[in-house]
There are 2 protein chains.
Amino acid sequence: MSVDRRKLIIEAASKSFSLFGYKATTMEQVAKLANVGKGTIYTFFTNKEELFEEILQELIKHVQRIAQETILARDSFHDNMHRFLYTVLEFRREHDLMIRMTNEITEMGTPAAKEGIRKVESAVLALLSMKIKEAIERGDLRPCDPERTAFAMFRMYLAFVLEWEVTHPPLEKEEIANLFDLYFVEGLAAR
Amino acid sequence: MSVDRRKLIIEAASKSFSLFGYKATTMEQVAKLANVGKGTIYTFFTNKEELFEEILQELIKHVQRIAQETILARDSFHDNMHRFLYTVLEFRREHDLMIRMTNEITEMGTPAAKEGIRKVESAVLALLSMKIKEAIERGDLRPCDPERTAFAMFRMYLAFVLEWEVTHPPLEKEEIANLFDLYFVEGLAAR
DNA sequence: TAGCTGACCGTTTTAACCATTTGGTCACAA
DNA sequence: TTGTGACCAAATGGTTAAAACGGTCAGCTA
């Protein structure tokens with residue numbers, strides 16, 4: 001084997017998807033970037049969508065690994081959850097392909113990009129859901145539906161990190177952590 | 001005075017905005033529907049935007065009145081808040097003009113419709129914020145920033161009512177109330 | 001003559017057109 | 001056997017003439 005053409009293609013496509021988005025990335029461009037003939041791409045991937053899917057799966061694994069690493073046994077549930085959610089959203093905010101997909105959704109309505117974001121979020125939610133389930137079994141959290149709880153936590157975080165600053169001055173990382181703690185962990189009921 | 005032309009115009013425009021949306025509503029169409037000349041509209045409203053604004057203000061007053069009525073002194077904070085939020089979102093789900101604006105945002109990106117939704121939500125948030133402030137003063141809630149709390153509550157409700165059912169079976173009104181209570185009022189911390 | 005109107009104006013949007021580019025194939029070269 | 005780029009139908013982008021639009025105003029009518 002001289003060179004791993006599959007890997008070359010994935011690297012080229014990944015770069016192009018991040019740089020120009022799904023729609024603006026052409027198979028010819030990918031072929032040129034990877035120094036392979038266009039036909040070669042189709043020996044590894046049935047079509048453009050599947051090539052994108054492959055890169056998406058890598059992205060998901062990446063964010064999952066990063067998120068996993070934030071969970072530290074010695075820390076409290078609150079600290080762990082906050083770090084977890086913040087890491088995921090920082091990843092979303094900083095990773096080129098994520099940024100590009102978000103832009104592509106708002107500017108055009110590219111279904112592939114929409115599905116991409118949805119899949120990443122769904123993977124994160126599954127992981128978060130698992131962590132919540134463990135916390136319940138450990139006795140750190142009250143019994144509750146892990147899936148719904150993960151959904152609620154993630155949406156609230158998303159709202160504070162991405163939507164709040166549309167109409168208000170952005171919140172500090174610390175402030176978001178405190179709000180998360182107050183609303184979700186402690187509860188608002190007067191004691 | 002024979003007929004209140006201003007009122008005729010507002011009724012016709014309201015119908016058309018609800019039926020076809022902001023962009024697809026033409027001033028000529030409104031004039032025909034109202035049985036007035038096109039020029040007459042411009043004796044009451046400086047332009048299309050102001051005509052829309054007027055109808056939006058009526059919509060905001062309407063949702064505010066309806067939401068206000070859900071607050072009953074004899075009921076608990078939890079019951080009141082839930083009824084409040086649910087009423088607002090039911091209004092959003094059922095009112096023709098709200099539905100049409102939401103569609104217009106997702107299908108095209110009409111700025112007027114986007115601003116419209118934003119204004120209604122902002123008015124609701126202000127009202128909710130006030131109610132939370134009262135609850136804190138009354139001692140029903142812990143001290144917290146009313147604006148941020150209103151934002152968090154509303155976003156979470158929106159997420160459960162509108163977004164959850166994109167990927168899951170929809171939640172019953174009762175279930176949402178319970179989740180709201182568990183996450184927001186009681187808190188998830190093990191006791 | 002005050003209130004109302006629809007023909008009219010400059011601008012924007014739509015639609016029809018064609019040239020180019022695209023994702024995907026396959027006969028052939030290495 | 002593995003890899004390729006010329007090739008194809010389909011999709012897209014650019015262009016431009018025609019239609020439709022928001023907004024105005026001279027003149028009509030009650």
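Chain letters run A, B, ... following the sequence lines, proteins first, then strands; residues in each count from 1.
The nearest whole Å value for the distance from the NZ atom in B/Lys38 to the P atom in D/dG27 is 19 Å. Protein atom CE of B/Met108 is 13 Å distant from nucleotide atom P of C/dT13, rounded to whole Å. Straight-line distance from the CD1 atom of A/Ile41 to the C1' atom of D/dG5: 12 Å, rounded to whole Å. Distance A/Leu8 CG to D/dG3 P: 11 Å, rounded to the nearest Å. When rounded to the nearest whole Å, the span between CD of A/Glu28 and P of C/dG23 equals 9 Å. Straight-line distance from the CD atom of A/Gln29 to the P atom of D/dG5: 17 Å, rounded to whole Å. In this structure, A/Tyr22 atom OH and C/dG23 atom P are separated by 8 Å, rounded to whole Å.
For B/Phe44 and A/Thr40, each mapped to the nucleotide of DNA chain C holding its nearest heavy atom, the one lying further toward the 5' end belongs to B/Phe44. Heavy-atom distances to DNA chain D give each of A/Lys23 and A/Asn35 a nearest nucleotide, and the one nearer the 5′ end belongs to A/Asn35.
At least one side-chain nitrogen or oxygen of A/Arg5 sits closer than 4.0 Å to the OP1 or OP2 atom of D/dT4.
Using a 4.0 Å heavy-atom cutoff across all strands shown, A/Thr25 reaches sugar-phosphate atoms only and no base atom. Using a 4.0 Å heavy-atom distance criterion, A/Thr26 is classed as a sugar-phosphate-only contact. Contact annotation for A/Lys48: backbone-only contact, meaning every heavy-atom pair under 4.0 Å involves sugar-phosphate atoms and none involves a base.
The shortest side-chain heavy-atom distance between A/Ile105 and A/Arg118 does not fall under the 4.5 Å cut-off. Between A/Arg93 and A/Glu90 the shortest side-chain heavy-atom distance falls below 4.5 Å.
Not less than 6.0 angstrom separates the ring centroid of A/Phe184 from the ring centroid of A/His78.
In this structure, A/Lys15 fails the cation-pi test against A/Phe20, since its NZ or CZ atom is not both closer than 6.0 Å to the six-membered ring centre and inside 45 degrees of the ring normal.
Classification of the B/Tyr183-B/Phe160 ring pair by plane angle, with boundaries at 30° and 60°, yields parallel.
Checking C/dT5, C/dT25, D/dG23 against every side-chain atom of A/Tyr42, the shortest atom distance belongs to C/dT25.
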